[in-house]
**Q** 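To start, I am sharing the structure in question, which I have written as structure tokens.
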Amino acid sequence: MIESLLVANRGEIARRIIRTGRRLGIRTIAVHSEADGALPFVTEADEAVCVGPANPAQSYRNVEAILDAARSTGAQAIHPGYGFLSENADFARTVEGAGLIWVGPGADAISAMGDKINARNLMAAAGVPVAPGTTEPTSDLDAAVAAAVEIGYPVMVKAAAGGGGMGMGVAADEAALRTEYDKVRAFAERMFGDGSVLIERYFPRVRHVEVQILGLADGRVVALGERECSVQRRNQKLVEESPSPAVSPELRERFLAAAVRAGEAVNYRNAGTVECLLDPSTQEFFFLEMNTRLQVEHPVTEYVYGVDLVEEQLRVASGLAPTFDPDALTPRGHAIELRVNAEDPKRFLPGPGAITTWNEPSGTGVRVDSGYVAGNTVTPFYDSLMAKLILTGATREEAVERARAAVAQFEIVGPKCNLPFFAELLENPEFLSGDYDTGIVSRMR
């Protein structure tokens, strides 16, 4: 097993990784920006190194500063968490080139799945269902219009190098496409340094369902069930649950088999997620993208399948067998995750600020993965996620009931907070029925 681990991230995910490292007897090293020096993950690690100012480009995305921190502390391995450098193939290669262990998939797999068009084509060749769309980047606006006519309106306009719900637009006709194409291309060039755009069929009523995979050290790829991720604002997730209320045993079997094929197609190792769109009217699903990292919502899978996914990541990176039997994976119970963000609960606009009160809920079936405590400040430099509230139970109904109680108990004063939105959602008949889709939040607003 790895003996020393540098966590190249911040907040709740850094604390999460450090917690498992401590349990396994691994020496942990935190890196942090000047703005984050007072956050809990810094003091909870065995060592901590400041790698630069608040600007992520000068700290959490500063490859040389992170590698210098690894060298100076004698780190054996680097875990990138999610976001920042986690899906940067060049960083993965640089880490391994420096003689360190990269806790994640190989750089080639990251590269293969990082370009959405290349990923679509790879998946189609592997027999994974893909939605109708372009197989090459559109060369210009006229090519995009021609592709949309062939695919059929409405269409989704997407940044080929994007991710996390960013760089996307919907066009119902040619006039809208001409507007959205220019917006998406400009955004993609600014955010990702790549203005490539793809056109896909847009499904007005759709569910977002993803499958957790794990590429084992012996070369096998296994699937650890699905997660429902359809409660979203601006194409970004707010709530996840497992199992999905929309997935029957027969559909689950098809989902998991397709996800395993996706991993095998790129010789995948370590944790990853195959994201799909599910048409609830036909029970057809289509590959959306693959996230070559640990997901924010991994705790719901941990509960339902009884595994510690960070431990499994570390075991794969160490060349060790998993703690579970890959041939005996069976889901049990239900888990729901609520992303507690520093944002207005109506319009979901960021609302950073100093935290004067922070009282977390507790009790049976309640888990809180948090990045802050009272006295900390949520700054405007990073993602607005403050904590993840994970509720579990023998049934979905029990998990929902525990979620209601936990949301009422969670007290955060200072920054804006979206807890009132969750209180509203947990009484919403559409959500309670389990028959909801990605439009649920817009219908609530």
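These numbers come from the heavy atoms of this one structure, side chains and all, not from hydrogens, waters or symmetry mates.
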**Q** List in chain and number order the residues that pass ring-ring contact (aromatic ring centres under 6.0 Å, His included) with Tyr305, two or more places apart in sequence or in another chain; answer none if no residue qualifies.
**A** none
**Q** First locate atom CZ of Arg367, then atom CZ of Arg402, and finally report the distance between them rounded to the nearest 0.5 Å.
**A**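 One finds 15.0 Å between CZ of Arg367 and CZ of Arg402.
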**Q** With salt bridge (charged side-chain N to carboxylate O under 4.0 Å, His left out) as the rule and sequence neighbours excluded, what pairs involving residues 382-391 come up?
**A** Glu12-Lys388
**Q** Charged N to carboxylate O under 4.0 angstrom, Arg205 versus Asp279?
**A**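 No, this pair does not count.
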**Q** Nearest heavy-atom pair of Phe410 and Pro361: which atoms, and what distance?
**A**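 Nearest heavy atoms, Phe410 then Pro361: CG-CD, 3.5 Å.
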**Q** Ignoring hydrogens and angles, state whether a donor on the side chain of His298 or Arg227 is under 3.5 Å from an acceptor on the partner side chain.
**A** no
**Q** Identify, with sequence neighbours excluded, every residue that meets side chain to side chain donor-acceptor pair (under 3.5 Å) alongside Glu337.
**A**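 Applying side chain to side chain donor-acceptor pair (under 3.5 Å) to Glu337 gives none.
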**Q** Do you know which of Arg443, Gln232, His208 makes side chain to side chain donor-acceptor pair (under 3.5 Å) with Asp437?
**A**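 Testing Asp437 for a side chain to side chain donor-acceptor pair (under 3.5 Å) against Arg443, Gln232, His208 leaves exactly one candidate, Arg443.
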**Q** Return yes if a side-chain donor-acceptor contact under 3.5 Å exists between Thr323 and Glu312, otherwise no.
**A**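 Yes, Glu312 and Thr323 have a side-chain donor paired with an acceptor closer than 3.5 Å.
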**Q** Distance to the ring centre below 6.0 angstrom and angle to the axis at most 45 degrees; does that hold for Arg332 and Tyr303?
**A** yes
**Q** Consider only side-chain N and O atoms of Gln58 and Asn62, and report whether a donor and an acceptor are under 3.5 Å apart.
**A** no
**Q** Within 45° of the six-membered ring axis of Phe255 and under 6.0 Å from that ring's centre, is NZ or CZ of Arg207 located there?
**A**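 Pair Arg207/Phe255 does not count as cation-pi.
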**Q** Determine, for Glu200 against Lys116, whether the closest basic-nitrogen to carboxylate-oxygen distance falls under 4.0 angstrom.
**A** no
**Q** Which heavy atom of Met113 sits nearest a heavy atom of Met123, and at what distance?
**A**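 Nearest pair, atom of Met113 first, then Met123: CE-CE, 3.8 Å.
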**Q** Do Ser370 and Glu360 have side-chain atoms, one donor and one acceptor, less than 3.5 Å apart?
**A**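 Per modelled atom types, Ser370 and Glu360 side chains form a pair under 3.5 Å.
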**Q** Judged by modelled atom types alone, do Asn428 and Tyr436 share a side-chain donor-acceptor pair under 3.5 Å?
**A** no
**Q** Less than 6.0 angstrom separating the ring centers of Phe348 and Phe421, yes or no?
**A** yes
